[in-house]
Asker: 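One structure, pasted below without further comment.
Note that this is a predicted model, so its numbers are computed, not measured. In the text below, chain A, chain B and the rest are named by the order of the sequence lines, each starting its count at 1.
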Amino acid sequence: MFKIALPDGSVREVAPGTTPGDVAAAIGPGLAKAAIAARVNGELRDIGRPFEGDAQLALVTSRDEADALDLARHDYAHVLAEAVQNLFPGTQITFGPATDDGFYYDFAPKDRPFTEEDLPAIEEEMRRVIAKDAPLVREVWTRDDLIAYFKAQGETFKGEWAAELPEGEELTVYRAGDWLDMCRGPHLASTGKLDPQAFKLTRVSGAYWRGDQKNAMLSRIYGTGWLNKKQLQEHLTRLEEAAKRDHRKIGQEMDLFHLQQEAHGSVFWHPKGWMIWRQLEAYMRRKLDAAGYQEIKTPQLMDARLWEQSGHWGKYRENMFVVPDEVPNTEEQGPVISGDAAWMALKPMNCPAHVQVFRQGITSYRDLPMRLAEFGCCHRNEPHGALHGIMRVRQFTQDDAHIFCRADQLVEEVRIFCDLLDGIYKDLGFENYAIKLALRPEKRFGSDEMWDWAEQSLRDAVAATGRATPEFGWEELEGEGAFYAPKLEFHLTDAIGRTWQCGTLQTDTVLPERLDASYVGEDGQRHRPIMLHRAILGTFERFIGILIEHHAGRFPLWLAPVQAVVATIVSDADGYAEEVRATLAAAGLRVETDTRNEKINYKVREHSLAKVPALLVVGKREAEEGTVAVRRLGQEGQQVVKVEDLIAMLKDEATPPDLR
RNA sequence: GCCGGGUUAGCUCAGCUGGUAGAGCAACCGCCUUGUAAGCGGUAGGUCGUCGGUUCGAGUCCGACACCCGGCACCA
């Protein structure tokens, strides 16, 4: 007999062969019906998998939402795979996990990849599979049997995978009627436990076998899956809301910027978008000045020899724009470049240039830490498929800085940086962010000892700020560091819960060495400084994109490109509208007038859609009384106030947070 | 870069199986002088992404290329 301990503290004795489902049934019919899986000694398991000894048992019901969703999504993935093989015989199955909002399955198609047009038919077939309500039965197979089975089925991908699993490992398959897949499980008791109305196939895409570019391209089908129809619909609504925030859509609607074919991957900023940039840059400049940074500006184009020395030529050249350092002959067919041309490159990073500034003259230990900042414009030749609106571009401007310091100053510099970043994120409306440590990548410079030291120093420095905690999402990411240094990553959370990596801080001893940066120490000897690469926004392009999506275009007043529009009701008020505009402009507000021959309804609608924070309506009455009728974006009513009171009302909000 | 889908007026989109383009909004002109989310009428606007091919004839079919979108890989 096994002793099964329940969460209420009671213990039941059961015979070998008993399952969690049997225990649920013994407790009561209600629980038996509700239980969909079990946690046995903490491990999520099938409801029908017999106990193997004494155990702690907690039955899982749909009220345990995280577990229930995970199980359902994993089941949907299996149902998807079965449906696809029913409809498209010869399609090979590979791998299909649950995701944050659903599931996907990667297939090796027989003759053509799937397209979105295939999805409705596959959804229908999935509903048929669910309706069959086949029990999902767990079976333990030997590795050799599995390999033989997949070989017989023509499933070469699954076969390859099984063959690579350690010999002797206990492998499980899940069988649903005639169909089976190698899978760790666990699963729901049968396909019929899924709600046929709670999933939707959303898109198709390519995906490399095992995530490696060198491998075959598989055809992936994505779906979203939930416990019931209501949840599905809520999710679809959330997706629609997120789509409305898309910075590309809002950027066009608000006339902030555009992109075009002839400069793909580079942004054309319009007056309104550039105003946001200017406000953000001015704010950052004040923060950096106050934090002891010195701003510099360094060249865009530098000789290849410098990039060779820095190591970028070797490790980063595929991402660099390279130009010949000569005036090419221009023939009809185009420029001709001589064979022995020297090469220059547009900078993909600012660090080598900053080292050049550091190297000028002799630097004393008394000058450290030296914090050199630049709103540095960089170019990177990104893979074309990676470009995305203004979030991922080929020309961008970083809020970059390099701190040259001694090893004993490192912890303090990290602390100062974390505090600076913390304040800036909060000023910009981001209350929550996570910190991660990206560890050494395979492609790197420097000795293992150097990496050991650099990684540990960042670990210790963050711990010293008290932020290496679960509240800050602290974790270490293997292999994700830069080629010259490990990096701290700061991921902020936006208004709809998405996270974005923006800030970074890297501890680098490689570049000072390669570019021969040194300072004179107290001992009169030359020493290598440590170089901290750091950014807070990351890039202006991407950060403004994030701001647009975070605020859904409704910028806080201090960032809004147009802070108020004075809209007239009758043309008799045109002169007064201009007076109001001039008064507000003199008070430092960004205001436009709208004296077009249109009804006030029309103007209200148009400026509301344009997300103007304050609409100031003036008619005959206001002109006579020296007032405006203020309508704030997102609010229904309006408030009639004197112009000077309006200035007082808006002044604080219109002031950047660091100047309030 | 890879897989799939796109590219038609300033914007959003229609155009079936080939017979040389259409709507709404915006723009412009006029009427209306207007009170808080679209007042009414009229006018103009496109070598249908680029190049090539098939055809008597291509927005429509085929090919190449460019860019965009969704993913993959890469990444700030």
Asker: Taking any strand in view, what nucleotide pairs with C2(B) in a Watson-Crick or G-U wobble way, both distances under 3.5 Å?
Answerer: G71(B)
Asker: Find the partner of A76(B): check Watson-Crick (N1-N3 plus N6-O4 or O6-N4) and G-U wobble (N1-O2, O6-N3) distances, both under 3.5 Å, and reply none if neither fits.
Answerer: none
Asker: So Gly538(A), base contact, sugar-phosphate only, or nothing? Heavy-atom distance under 4.0 Å.
Answerer: nothing
Asker: Please confirm whether the ring centroid of Phe257(A) lies under 6.0 Å from the ring centroid of Phe268(A).
Answerer: no
Asker: Answer yes or no: does a side-chain N or O of Gln260(A) lie under 4.0 Å from OP1 or OP2 of G49(B)?
Answerer: no
Asker: Classify Ala567(A) by what it touches in the nucleic acid, base, sugar-phosphate, or nothing, heavy-atom distance under 4.0 Å.
Answerer: nothing
Asker: Using the C1' atom on both, measure G22(B) against G45(B) and round to a whole Å.
Answerer: 13 Å
Asker: Report yes if at least one side-chain N or O of His388(A) is closer than 4.0 Å to OP1 or OP2 of G70(B); otherwise report no.
Answerer: yes
Asker: Who is the Watson-Crick or G-U wobble partner of C25(B), with both distances under 3.5 Å?
Answerer: G10(B)
Asker: Hey, do the aromatic rings of His533(A) and His354(A) have their centres closer than 6.0 Å?
Answerer: no
Asker: Considering every strand and a 4.0 Å limit on heavy-atom distances, what is the contact class for His607(A): base, sugar-phosphate, or nothing?
Answerer: nothing
Asker: Using purine N1 to pyrimidine N3 plus N6-O4 or O6-N4 for Watson-Crick, or N1-O2 and O6-N3 for G-U wobble, each under 3.5 Å, what pairs with G49(B)?
Answerer: C65(B)
Asker: Quote, to the nearest angstrom, the C1' distance that separates U47(B) from U20(B).
Answerer: 11 Å
Asker: Suppose you measure atom C1' in A73(B) against the same atom in G4(B); what distance do you get, rounded to whole Å?
Answerer: 15 Å
Asker: Counting distance alone, no hydrogens or angles: does the base of A73(B) have a donor or acceptor under 3.5 Å from a partner atom on the side chain of Arg210(A)?
Answerer: no
Asker: Looking at the base of C74(B), is there any donor atom on it, or on the side chain of Arg392(A), that sits under 3.5 Å from an acceptor on the other one?
Answerer: yes
Asker: Considering every strand and a 4.0 Å limit on heavy-atom distances, what is the contact class for Gly389(A): base, sugar-phosphate, or nothing?
Answerer: sugar-phosphate
Asker: For His264(A), which contact category applies under a 4.0 Å heavy-atom criterion: base, sugar-phosphate, or nothing?
Answerer: sugar-phosphate
Asker: Select one nucleotide: of U34(B), C3(B), G4(B), the one nearest the side-chain heavy atoms of Thr115(A).
Answerer: G4(B)
Asker: Which part of the nucleic acid does Lys603(A) contact within heavy-atom distance under 4.0 Å: base, sugar-phosphate only, or nothing?
Answerer: nothing
Asker: Sticking with atom P, work out how far A27(B) lies from G19(B), rounded to a whole angstrom.
Answerer: 35 Å
Asker: 5'-most contact on RNA chain B: Met391(A) or Asp246(A), nearest heavy atom basis?
Answerer: Asp246(A)
Asker: Measuring from the side chain of Arg542(A) (C-beta onward, heavy atoms only), which nucleotide among A37(B), C69(B), A76(B) has the closest atom?
Answerer: A76(B)
Asker: Verify whether the ring centers belonging to His312(A) and Phe483(A) lie closer than 6.0 Å.
Answerer: yes
Asker: Between the side-chain atoms of Glu606(A) and the base atoms of A26(B), is any donor-acceptor pair under 3.5 Å?
Answerer: no
Asker: Can you figure out which of U36(B), G4(B), C67(B) approaches the side chain of His384(A) most closely?
Answerer: C67(B)
Asker: Could you tell me whether Gly637(A) contacts a base, only the sugar-phosphate backbone, or nothing, with contacts defined as non-hydrogen atoms closer than 4.0 Å?
Answerer: nothing
Asker: Under the salt bridge (charged side-chain N to carboxylate O under 4.0 Å, His left out) rule, what do Asp118(A) and Arg112(A) come out as? Steps first, then yes or no, please.
Answerer: CA-CA 11 Å; Asp118(A) 296 323; Arg112(A) 62 162 178 91; 2.9 Å; yes
Asker: Starting the side chain at C-beta, find the nucleotide from G35(B), A37(B), G4(B) nearest to Ala629(A).
Answerer: G35(B)
Asker: For C31(B), which nucleotide in any strand shown is its Watson-Crick or wobble partner with both distances under 3.5 Å?
Answerer: G39(B)
Asker: Touch check for Arg203(A), heavy atoms < 4.0 angstrom, all strands: base, sugar-phosphate only, or nothing?
Answerer: sugar-phosphate
Asker: Under 6.0 Å between the ring centres of Phe199(A) and Trp226(A)?
Answerer: no
Asker: Strictly by Watson-Crick or wobble contacts shorter than 3.5 Å, is anything paired with G19(B), and which nucleotide is it?
Answerer: C56(B)
Asker: Assuming nearest nucleotide by heavy-atom distance, tell me which of Val617(A) and Ala207(A) is located more 5' along RNA chain B.
Answerer: Val617(A)
Asker: Could you tell me if Trp500(A) and Asp494(A) have a donor-acceptor pair between their side chains, going purely by distance under 3.5 Å?
Answerer: yes
Asker: Please report whether the ring centroid of Phe540(A) lies less than 6.0 Å from that of Phe375(A).
Answerer: yes
Asker: Given the rule in the side-chain contact (heavy atoms from CB on, under 4.5 Å) test, do Leu280(A) and Phe543(A) qualify, once you have shown the distances and angles that lead to the verdict?
Answerer: CA-CA 10 Å; Leu280(A) 187 60; Phe543(A) 199 84; 4.1 Å; yes
Asker: Separation of Leu477(A) atom CG from C75(B) atom C1', in whole Å?
Answerer: 14 Å
Asker: Counting heavy atoms not belonging to Lys297(A), are there more than 12 under 6.0 Å from its NZ?
Answerer: yes
Asker: At under 4.0 Å between heavy atoms, what does Gln398(A) touch on the DNA or RNA strands: base, sugar-phosphate, or nothing?
Answerer: nothing
Asker: Mind checking if Pro383(A) touches a base, just sugar-phosphate, or nothing, with heavy atoms under 4.0 Å?
Answerer: base
Asker: Check every strand shown and say whether Leu609(A) touches a base, only sugar-phosphate, or nothing at a heavy-atom separation below 4.0 Å.
Answerer: base
Asker: Could you state the CZ-C1' distance from Arg554(A) to A37(B), rounded to the nearest angstrom?
Answerer: 12 Å
Asker: Rounded to whole Å, how long is the line connecting atom CZ of Arg596(A) with atom P of A38(B)?
Answerer: 14 Å
Asker: Would you classify Tyr602(A) as touching base, sugar-phosphate or nothing, given that sugar-phosphate means primed atoms plus P, OP1 and OP2, and contacts are heavy atoms under 4.0 Å?
Answerer: sugar-phosphate
Asker: Between Arg596(A) and Glu606(A), does a salt bridge (charged side-chain N to carboxylate O under 4.0 Å, His left out) hold up when you go through it step by step?
Answerer: CA-CA 12 Å; Arg596(A) 289 174 305 169; Glu606(A) 193 163 85; 2.5 Å; yes
Asker: In whole Å, what is the span from the CD1 atom of Ile536(A) to the P atom of A76(B)?
Answerer: 17 Å
Asker: How long is the line joining CG of Leu615(A) and P of G35(B), in whole Å?
Answerer: 15 Å
Asker: May I ask you to evaluate whether Lys487(A) reaches the phosphate of A76(B), defined as a side-chain N or O under 4.0 Å from OP1 or OP2?
Answerer: yes
Asker: Using only side-chain N and O atoms of Asn601(A), determine if any of them is under 4.0 Å from OP1 or OP2 of U36(B).
Answerer: no
Asker: What's the OH-C1' distance between Tyr104(A) and G71(B), to the nearest Å?
Answerer: 11 Å
Asker: Can you say whether a donor on the side chain of Tyr208(A) sits under 3.5 Å from an acceptor on the base of G1(B), or the other way round?
Answerer: yes
Asker: Would you indicate what Arg621(A) reaches in the nucleic acid, counting non-hydrogen atoms under 4.0 angstrom: base, sugar-phosphate, or nothing?
Answerer: base
Asker: Below 4.0 angstrom from OP1 or OP2 of C2(B), is there any side-chain N or O of Arg220(A)?
Answerer: no
Asker: From CZ of Phe95(A) over to P of C72(B), roughly how many Å is that when rounded to an integer?
Answerer: 14 Å
Asker: Let me know the distance between CD of Glu318(A) and P of A73(B), rounded to the nearest Å.
Answerer: 17 Å
Asker: Could you check which of U33(B), U36(B), A73(B) has an atom nearest any side-chain atom of Val570(A)?
Answerer: U33(B)
Asker: Base, sugar-phosphate, or nothing for Ile569(A), non-hydrogen atoms under 4.0 angstrom?
Answerer: base
Asker: Say we look at A23(B) and A9(B): how far apart would their P atoms be, to the nearest angstrom?
Answerer: 14 Å
